[in-house]
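Written below as structure tokens is the structure these notes are about.
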2 protein chains.
Amino acid sequence: MSTNTFSDTEHQILEAALLEFSTHGRQGARMQCIADRAGLNKALIHYYFRNKERLYEEVFRYVFQRYFRRLGETLRRDGDFPTVLRAFINRYLDLLNENPALPMFLLREVSEGAPVFSRRISEIVEISPDGMPYLLLQLFAKASSSGEIRHTDPFQALISIMGTCIYFFAGFPIFAALMPELQDRREELVEQRKEHIFELVYYGLKPRTE
Amino acid sequence: MSTNTFSDTEHQILEAALLEFSTHGRQGARMQCIADRAGLNKALIHYYFRNKERLYEEVFRYVFQRYFRRLGETLRRDGDFPTVLRAFINRYLDLLNENPALPMFLLREVSEGAPVFSRRISEIVEISPDGMPYLLLQLFAKASSSGEIRHTDPFQALISIMGTCIYFFAGFPIFAALMPELQDRREELVEQRKEHIFELVYYGLKPRTE
DNA sequence: ATACGGTTTAACCATATGGTTAATCTATTT
DNA sequence: AAATAGATTAACCATATGGTTAAACCGTAT
């Protein structure tokens with residue numbers, strides 16, 4: 001059940017399910033819609049994934065295992081604080097830009113009490129000191145204690161950096177509804193955003209001389 | 001339908017519905033659960049709000065009208081850039097802390113294509129130059145042109161400040177699942193966060209002399 | 001050619017759930 | 001006290017939807 005080799009058909013189902021789940025939520029998702037999206041018969045989904053709940057779990061794991069792994073990679077490379085920080089931000093924004101539905105998928109799960117995330121957390125994210133969350137905390141903790149940034153709670157910094165990245169994608173539709181002209185500038189704004197976040201976080205945390 | 005005077009019963013329904021909708025989403029919400037939560041008969045909900053869709057719309061408007069209005073208030077008061085910035089951050093975090101379910105409610109709606117938000121946008125948020133989004137953009141635009149902060153796209157700043165505030169509440173459960181010790185520090189972290197975000201944004205945007 | 005295992009499908013079933021209805025209760029007016 | 005209108009309830013209905021099943025399809029080995 002935790003194998004990662006999926007057939008073509010399974011992949012089609014997973015991709016369709018990801019879209020359906022992230023736009024309509026676990027309960028709002030319709031098996032028939034997933035089947036239609038994937039161009040397959042509904043019974044096939046049950047054949048491969050038994051039921052909606054297991055499909056959801058499989059999609060969730062399938063997607064976020066990769067997501068957290070790719071995010072963590074950037075933190076394991078050598079480099080000084082600003083270099084690693086920049087790499088993390090760029091990777092994060094690229095990941096989100098490739099699949100803007102992911103944050104909502106995760107946030108939805110979490111707002112429902114994160115039953116699947118909690119139950120299968122060990123498969124999804126490394127909780128060890130070599131996993132993404134801990135490495136990111138470490139990044140700030142080290143820079144903080146070496147004096148490269150001012151004394152900062154690493155947790156606050158973690159929330160800030162992830163929030164500034166995620167909210168661009170999660171909140172974009174809100175502001176696009178208010179200011180339609182943003183829609184066309186989207187790609188440009190993503191690139192601009194990399195620089196903006198880096199400067200905000202780096203210079204926002206740097207010790208002040210005055 | 002857009003009156004704001006609700007009877008006790010209606011209020012109970014609205015509050016119960018808000019909880020149910022924000023944890024389970026529009027489709028996942030169950031009319032029976034809302035009735036149970038409110039301690040009322042299910043048919044009463046239909047009596048007052050006709051059907052699920054209209055109930056959802058009413059709750060949505062009821063909640064976010066107030067939310068955006070209270071957020072906008074802080075931007076209409078006099079004061080220099082850091083003062084207004086601080087007031088906005090504090091108000092925002094207090095609002096979210098009072099009702100941590102709100103961001104998810106809004107984000108869910110948005111990820112479903114924001115049909116209700118779009119349709120009733122004019123009742124929910126002032127789109128005029130005196131409304132919250134525009135005032136916040138103005139705040140940064142003015143500070144930017146007066147040289148108080150370095151040249152910055154106001155939209156990027158808007159996303160950053162809202163993202164850092166919201167994500168604390170939206171993402172908190174994720175990190176609380178990974179680091180259980182955070183749960184007890186929540187209130188303390190909210191207060192600490194006000195200062196953290198202010199410093200990050202203010203000093204992150206300030207012109208650099210070096 | 002045929003038998004067989006894995007895959008795919010149309011048709012079907014059971015049930016959860018949104019919504020209705022008709023009766024009852026309650027308070028206010030006359 | 002009778003009447004009226006609004007509020008509330010239990011019982012019910014229709015249907016959407018998750019899930020099942022049995023048959024058909026298809027490639028491959030014998």
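Letters go in sequence order (proteins before strands), and every chain restarts at 1.
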Legend entry - Check: A:Phe64 ring centroid to A:Phe105 ring centroid under 6.0 Å: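 Close enough - the centres of the two rings lie under 6.0 Å apart.
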Inset, instruction - Ignoring backbone atoms, establish whether B:Thr9 has a side-chain N or O less than 4.0 Å from OP1 or OP2 of D:dT8. - result: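 Affirmative; the distance criterion is met.
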Legend entry - Presence of B:Arg30 side-chain N/O under 4.0 Å of C:dG18 phosphate oxygens OP1/OP2: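 So the side-chain polar atoms of B:Arg30 do come within 4.0 Å of the phosphate oxygens OP1 or OP2 of C:dG18, strictly under.
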Starting from [atom2] on [N], measure out to [atom1] on [X] and report it in whole angstrom.
X       : N      : atom1 : atom2 : result
B:His46 : D:dG6  : NE2   : P     : 21 Å
B:Met31 : D:dC12 : CE    : P     : 21 Å
B:Glu20 : C:dT17 : CD    : P     : 10 Å
A:Tyr48 : D:dG18 : OH    : P     : 20 Å
A:Ile34 : D:dG18 : CD1   : P     : 8 Å
A:Tyr47 : C:dG5  : OH    : P     : 12 Å
A:Asn41 : C:dG6  : CG    : P     : 20 Å
A:Lys52 : D:dT17 : NZ    : P     : 9 Å

Legend entry - A:Tyr56-A:Glu109 side chain donor-acceptor pair, cut-off 3.5 Å: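 Checked: A:Tyr56/A:Glu109 side chains pair up, N/O donor to acceptor below 3.5 Å.
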Inset, instruction - Using only heavy-atom distances, determine whether the side chains of A:Asp36 and A:Gln32 contain a donor-acceptor pair under 3.5 Å. - result: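 Judged by distance alone, the side chains do pair up.
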Legend entry - Partner of B:Phe172 by ring-ring contact (aromatic ring centres under 6.0 Å, His included), out of B:Phe168, B:Phe169, B:Phe175: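 Of the listed residues B:Phe168, B:Phe169, B:Phe175, the ring-ring contact (aromatic ring centres under 6.0 Å, His included) partner of B:Phe172 is B:Phe168.
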Inset, instruction - Identify whether any heavy atom of A:Asn51 sits under 4.0 Å from a base atom; if not, whether one sits that close to sugar-phosphate; answer base, sugar-phosphate or nothing. - result: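 Sugar-phosphate, no base atom in range.
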Inset, instruction - Remember a base hit wins even if backbone is also touched, and classify B:Ala35 as base, sugar-phosphate or nothing at under 4.0 Å, heavy atoms. - result: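 If one applies the 4.0 Å heavy-atom cut-off, B:Ala35 turns out to touch nothing in the nucleic acid.
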Legend entry - Comparing B:Leu40 and A:Ala29 on DNA chain D - which has the more 5′ nearest nucleotide: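 With B:Leu40 and A:Ala29 compared, the 5'-side residue is B:Leu40.
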Inset, instruction - Report yes or no: is there a donor-acceptor pair, N or O only, under 3.5 Å between the side chain of B:Lys42 and the base of C:dG19? - result: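 In this structure, the two groups form a donor-acceptor pair.
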Legend entry - Over 12 non-hydrogen atoms of neighbours within 6.0 angstrom of CZ in A:Arg66: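 Atom CZ in A:Arg66 is not packed in, count stays at 12 or less.
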